[in-house]
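Here the structure comes first, spelled out in structure tokens, and everything after it is commentary.
Just the heavy atoms: all of them, side chains too, but no hydrogens, waters or symmetry mates, feed the values below. Within every chain, numbering begins at 1; the chains are lettered A, B, ... in the order of the sequence lines, protein sequences first and strands thereafter.
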Amino acid sequence: MTARTYDFKSIESKWQAVWQQRNTFRALDPGDPGFDGSKKKFYVLDMFPYPSGAGLHVGHPLGYIATDIVARYRRMQGYNVLHPMGFDAFGLPAEQYAIEHGVHPREATATNIANMRRQLKALGLSYDWDRELSTTEVDYYRWTQWIFLQLYNSYVDPRDQKAHPVAELEQRLRSGELGLDAEGQPVAAAEAATRFAELAERDQRAAIDGQRLAYLAEVAVNWCPALGTVLANEEVTDEGRSERGNHPVFRRPLKQWMLRITSYAERLLADLATVDWPESVRALQTNWIGRSEGALCDFEVVGGQDKIRVYTTRPDTLFGATYMVLAPEHPLVKVLTTAEQKTDVEAYCLAASRRSEVDRQAETKSKTGVFSGAYAINPVNAERIPVWIADYVLMGYGTGAIMAVPAHDQRDFEFAKQFELPVRVVVEPTKAWLEEQFAGQTDGRTRYLADPKQLDQAFAGQGCAVNSANPEVSLDGLETSEAKRTITAWLAEKGLGRAKVNYKLRDWLFSRQRYWGEPFPILHHAAGYTLGVSDQDLPVLLPEMSDFSPTTTDNPEPTLSRAAESWREVTVDGVVYQRELNTMPQWAGSCWYYLRFIDPKNRERFVDRQKERYWMGANGIDLYVGGVEHANLHLLYARFWHKVLYDLGHVSTAEPFGRLFNQGYILADYYEDARGVRVPADEVQYDSAGGELIAAYEVSKAEPGGKFLYQGQEVFRKSGKMGKSLKNVVNPDDLYQSHGCDTLRLYEMYMGPVETSKPWNTRDIVGVHRFLLRVWRNFFDIDSGELLVSDEAPSDELTRALHKTIKRVTDDMDRMRFNTAIAALIELNNQLVSVDRVPRSVADAFVLMLAPIAPHICEELWQALGHNQSLACEPWPSYDEALLADAMINIVVQIKGKTRGNVSVPAEATEEEIRQIALADEKINKHVEGKTIRKVIYVPGRLINIVAT
RNA sequence: GCGAAAGUGGCGGAAUUGGUAGACGCGCAGGAUUCAGGUUCCUGUGGGCGCAAGCCUGUGGGGGUUCGACUCCCCCCUUUCGCACCA
């Protein structure tokens with residue numbers, strides 16, 4: 001026998017090699033030899049990463065380790081586990097990196113992927129690497145293009161709110177079943193203003209194109225000259241800068257591809273109730289979708305043909321509308337403005353268009369606007385009210401025009417005060433509100449009604465309508481909800497308006513002017529119409545270009561416009577077309593990767609139907625783990641695509657992610673110098689007054705007089721999310737070297753619950769490392785290398801401890817509370833220290849329980865215990881309820897609710913017996929002496945509370 | 001402003017349905033082993049009073065419900081995150 005220490009480096013590389021050679025974690029699909037269809041499936045997925053040049057820091061793998069533990073645990077429970085990994089490699093970060101380093105994005109991406117794959121493999125994650133994919137592979141983006149074509153070739157039928165092939169729509173229009181209404185929307189022939197067949201071909205095309213889920217539109221976009229591309233609203237910060245790179249962003253009109261996600265707003269909202277997601281994410285999406293119920297109402301313009309259509313959630317306040325406002329970009333602005341106001345209005349609109357979002361933000365205090373010179377007629381009381389132009393009304397929401405009810409809307413109220421417009425109260429404020437406004441004085445109502453402008457607040461709450469009647473309809477005395485119904489019905493009856501549900505969610509701006517993305521499978525005809533590339537002509541390859549850097553000018557121009565003409569021009573059936581030159585945004589590839597993992601090599605379909613049905617099962621992905629930052633973008637976009645695919649019959653579930661779980665962030669100290677410049681955290685030292693310099697991470701709390709120093713200069717400690725920008729990253733590669741990846745895995749899980757954010761403390765790692773060392777010493781005599789395991793049966797006490805641990809760990813695994821699972825294993829292990837030789841049954845179970853969390857050391861121990869198969873699919877230990885019970889139990893004794901001690905009693909003792917024993921205890925009895933026992937509360941097996949006074 | 005989550009020792013965090021607050025780990029203190037450092041092992045460790053037995057106090061603050069509250073209810077404070085002129 002030779003010495004045998006815990007040599008984690010060789011153990012870890014040995015087992016990683018074994019898993020790879022034996023293909024231990026390969027998931028079998030339906031149809032594969034050896035596939036067992038009787039096993040339940042479990043699809044556990046990480047949000048796949050961007051392969052950034054910086055590689056992983058210890059904050060990234062938190063979620064990966066958690067899902068790996070779940071995957072390993074489920075395998076041991078006999079599930080067929082699908083646990084894949086891939087890379088989201090198209091998009092701005094990859095391209096920026098490539099430009100900065102002067103290499104082609106394809107090369108940069110390949111290098112970065114290789115590095116990240118190495119780092120992931122070094123963590124011992126049990127992915128089925130045969131399924132690895134990258135969104136940039138031709139074989140992958142071919143299907144991204146195919147799905148885009150599904151969107152392009154689909155429309156939503158209002159009857160069932162589902163996607164159908166555009167061909168169906170065309171057929172129904174051609175047959176005369178449908179016609180077009182005044183706005184060009186398809187309607188039943190009976191209600192139609194125009195028959196489709198009567199239209200010119202070009203208008204027919206326009207009518208159909210206007211219904212597609214992917215369509216071209218001239219929209220005000222967020223143009224970022226520095227990045228040379230447009231950005232989705234979601235990619236622009238509050239300050240009007242790009243989320244990536246923090247460059248200025250400007251609004252300008254541009255023809256772009258849009259995806260009609262708004263058609264799915266209602267289902268995206270409603271189906272949130274069907275998924276097992278964190279409440280916070282559901283709230284976030286609900287908020288983002290922003291459903292509101294209200295009414296559309298038309299206001300005639302005095303002396304013109306035009307009508308101003310407004311959307312309001314408070315139609316009950318229509319009688320209080322004293323002016324109207326159009327957004328500066330509203331098409332009627334040019335039409336309505338009178339000659340004498342023209343100069344002012346044009347100046348205002350120009351200024352508004354030039355103002356960046358930053359300026360708008362800075363001026364929230366005062367509202368700006370200009371009178372158009374025009375008047376409109378309030379349809380409920382025929383009153384002439386002025387039409388103003390102001391940028392507090394947004395073109396992108398509702399109709400871009402509002403009726404202003406200054407008495408009952410804070411924004412209108414502020415505007416009315418500023419421009420001295422009338423304020424008319426049409427909803428009786430509540431008593432509570434009046435009291436608050438008038439500081440409890442009793443004459444508040446009278447004073448308010450005399451002059452509502454004296455206050456700083458408008459009454460925007462619900463109440464009884466007043467001053468709201470015309471000869472045909474009266475709202476007076478009605479509660480807000482009733483008043484809304486009444487007036488909406490009246491408007492509908494008179495043809496002046498109708499009820500309308502509105503959403504904050506906008507259609508998804510889907511094109512980018514950059515190089516590194518999926519080319520659109522779209523061709524443009526010189527006559528101005530578009531054509532989808534046919535399936536057999538896919539993929540549309542991204543052309544090779546030597547200069548792929550963006551054009552950073554004010555004039556948006558896609559990089560692909562500089563591609564070779566041979567790529568840009570395509571001849572189909574003898575007709576020459578130009579290729580679409582935009583590329584798809586980052587999010588495209590991540591919208592469906594979870595489906596491709598199911599069948600990554602399929603050349604016939606994006607995913608095999610049978611495999612899709614098996615792995616997506618009833619609830620889709622069984623566990624999807626990632627950061628909460630994707631709540632509104634990726635998760636909404638992917639749900640949208642999935643629903644379209646579902647409607648078209650390509651996938652079997654209505655929702656892709658049955659259960660979502662958000663991991664927290666890893667926080668870490670960072671350091672700033674006096675000017676606020678961040679310095680590398682790992683080079684900061686601590687100078688305890690008078691003492692020697694030590695590494696800053698060794699210091700949990702700075703003493704008075706202690707200083708943090710960087711290159712001799714004092715710096716200041718702060719805490720934030722670990723990341724490049726705070727210069728406080730900890731590289732996992734260093735930790736594999738010093739402690740091993742089992743220790744890293746254990747530490748990250750032991751820090752706290754996976755879902756909470758928690759600070760990294762390199763200092764604490766030693767704790768879990770000691771645990772593994774102690775485990776090792778419990779199994780081996782370090783000096784002789786002898787295995788310290790016996791074939792004897794464990795003592796009753798140890799058996800009980802084992803079964804309790806199995807129960808605790810199993811429960812914790814189910815709840816994903818790995819921190820407490822580890823604590824339970826540490827406790828059991830500490831108990832084993834005092835056992836000379838660990839009974840084999842205890843040793844086996846212990847190793848199996850620790851295996852999902854620290855798989856390498858456990859495989860090594862498992863082998864040492866004489867098993868020649870990997871433990872990856874060994875059955876998870878089970879516990880015997882009967883063995884959990886102690887013969888003697890501890891009962892807490894309380895007197896009047898205060899704990900005064902505890903007594904040990906036989907497990908089967910009755911309440912009366914326990915009471916006798918408790919009162920016989922001198923320490924307890926002294927609190928009862930001389931008092932009358934009023935009441936005794938007994939919680940079986942736990943506690944007895946004697947109430948004595 | 002709206003929405004969501006969270007406040008427990010020096011630190012990370014425990015505490016299934018209300019039932020011994022502080023499991024487990026770090027750190028710290030004392031001791032043993034060691035030439036020494038490290039490692040390992042043992043003991044202690046919320047605060048206050050006390051030689052001790054013990055007593056008091058304690059989960060952001062203030063009320064309440066209860067035999068009993070970190071846990072339930074009301075009010076307030078703080079922090080973090082998301083949205084934000086969305087009519």
Side-chain angles (χ1 to χ4, degrees), chain A residues 238 278-288 290-292 294 310-314 317 325 360-361 363-364 367 390-394 396-405 408-412 414-415 460 502-506 628-629 631-632 665 667 698-701 721 746-747 750-753 755-768 770-771 773-774 777 782 808 811-812 815 817 819-827 829-830 833 890-902 923 926 934-939 941-949:
Chain A
D238 294 350
E279 202 43 55
S280 60
V281 176
R282 281 202 288 222
L284 240 45
Q285 286 209 357
T286 303
N287 217 335
W288 191 262
R291 183 184 200 273
S292 70
V310 303
Y311 172 73
T312 176
T313 55
R314 291 296 299 269
T317 62
V325 184
R360 287 202 189 188
Q361 209 69 22
E363 290 177 48
T364 45
K367 296 220 170 347
D391 67 2
Y392 83 89
V393 172
L394 310 173
Y397 183 75
T399 61
I402 62 157
M403 63 174 206
V405 185
H408 304 295
D409 180 283
Q410 187 61 26
R411 296 151 302 179
D412 296 345
E414 285 164 18
F415 191 82
N502 218 358
Y503 302 91
K504 283 197 230 174
L505 185 70
R506 321 262 169 97
V628 71
E629 68 272 18
N632 282 341
Y665 297 118
L667 311 171
E698 297 278 5
V699 183
S700 59
K701 198 185 180 188
K721 185 179 159 188
L746 213 38
Y747 173 61
Y750 192 57
M751 290 166 77
E755 66 270 27
T756 58
S757 292
K758 50 228 167 253
W760 179 269
N761 259 320
T762 299
R763 200 188 56 197
D764 292 348
I765 290 173
V766 65
V768 285
R770 277 179 202 152
F771 165 59
L773 289 167
R774 200 172 306 173
R777 285 201 312 271
I782 301 286
R808 281 173 68 185
D811 290 349
D812 286 340
R815 296 189 302 151
R817 297 301 285 257
N819 55 331
T820 48
I822 295 166
L825 290 167
I826 291 175
E827 285 183 62
N829 189 54
N830 287 347
V833 171
N890 242 15
I891 298 290
V892 174
V893 183
Q894 292 185 339
I895 308 299
K896 277 185 74 183
K898 280 198 168 180
T899 304
R900 295 298 179 183
N902 54 66
K923 280 187 285 185
K926 77 174 185 192
R934 306 276 173 199
K935 196 172 172 185
V936 175
I937 292 120
Y938 174 59
V939 182
R942 278 186 174 269
L943 159 151
I944 188 160
N945 186 6
I946 297 165
V947 185
T949 50

* **A:Thr313 vs A:Tyr311, side-chain contact (heavy atoms from CB on, under 4.5 Å): CA-CA, chis, key distance, verdict** => CA-CA 7 Å; A:Thr313 55; A:Tyr311 172 73; 3.8 Å; yes

* **Flag if over 12 foreign heavy atoms under 6.0 Å of NZ, A:Lys896** => no

Could you tell me how far [M] sits from [N] if I compare only their [atom1] atoms? Round to whole Å.
N: B:G60; M: B:C56; atom1: C1'; answer: 22 Å
N: B:U43; M: B:C24; atom1: P; answer: 12 Å
N: B:A29; M: B:G38; atom1: P; answer: 12 Å

From [options], nucleotide with atom closest to [X] side chain:
X: A:Ile402; options: B:C24, B:A87, B:G3; value: B:A87
X: A:Val766; options: B:A87, B:C26, B:C24; value: B:C26
X: A:Tyr397; options: B:G82, B:G25, B:A87; value: B:A87
X: A:Lys758; options: B:A23, B:A87, B:G12; value: B:G12
X: A:Leu773; options: B:C26, B:U40, B:A15; value: B:U40
X: A:Lys367; options: B:C85, B:U16, B:A15; value: B:C85
X: A:Trp288; options: B:C85, B:C24, B:C83; value: B:C83
X: A:Glu827; options: B:C83, B:A15, B:A23; value: B:A23
X: A:Arg900; options: B:C56, B:U39, B:A23; value: B:C56
X: A:Arg770; options: B:U57, B:G27, B:A87; value: B:G27

* Name of the residue among A:Ile822, A:Thr762, A:Val768 meeting side-chain contact (heavy atoms from CB on, under 4.5 Å) with A:Tyr747 -> A:Val768

* To do: Quick one: list whatever passes side-chain contact (heavy atoms from CB on, under 4.5 Å) with A:Arg808, sequence neighbours left out.
  => A:Ala824, A:Glu827

* Asked: Under a 3.5 Å cut-off on both pairing distances, which runs of 3 or more consecutive Watson-Crick or G-U pairs involve RNA chain B?
  -> B:1-7 with B:77-83, B:10-12 with B:24-26, B:27-32 with B:40-45, B:46-49 with B:54-57, B:60-64 with B:72-76

* To do: Tell me whether B:G9 sits syn or anti, counting syn as a glycosidic angle within 90° of 0.
  => syn

* **Inter-residue atom distance A:Thr899.OG1 - A:Asn945.CG, 0.5 Å rounding** => 8.5 Å

Using nucleotides 17-20 of chain B, report all nitrogen or oxygen pairs with the protein that are shorter than 3.5 Å.
unit_1: B:G19; atom_1: N2; unit_2: A:Gln894; atom_2: OE1; d: 3.0
unit_1: B:G19; atom_1: N2; unit_2: A:Asn945; atom_2: ND2; d: 3.3

* Asked: So, is A:Arg777 near the phosphate of B:C41, with a side-chain N or O under 4.0 Å from OP1 or OP2?
  -> yes

* Asked: Can you tell me if the side-chain N/O atoms of A:Arg774 get under 4.0 Å from OP1 or OP2 in B:C41?
  -> yes

* Which comes earlier along RNA chain B counting from the 5' end, the contact point of A:Gly400 or that of A:Met751, where each point is its nearest nucleotide? -> A:Met751

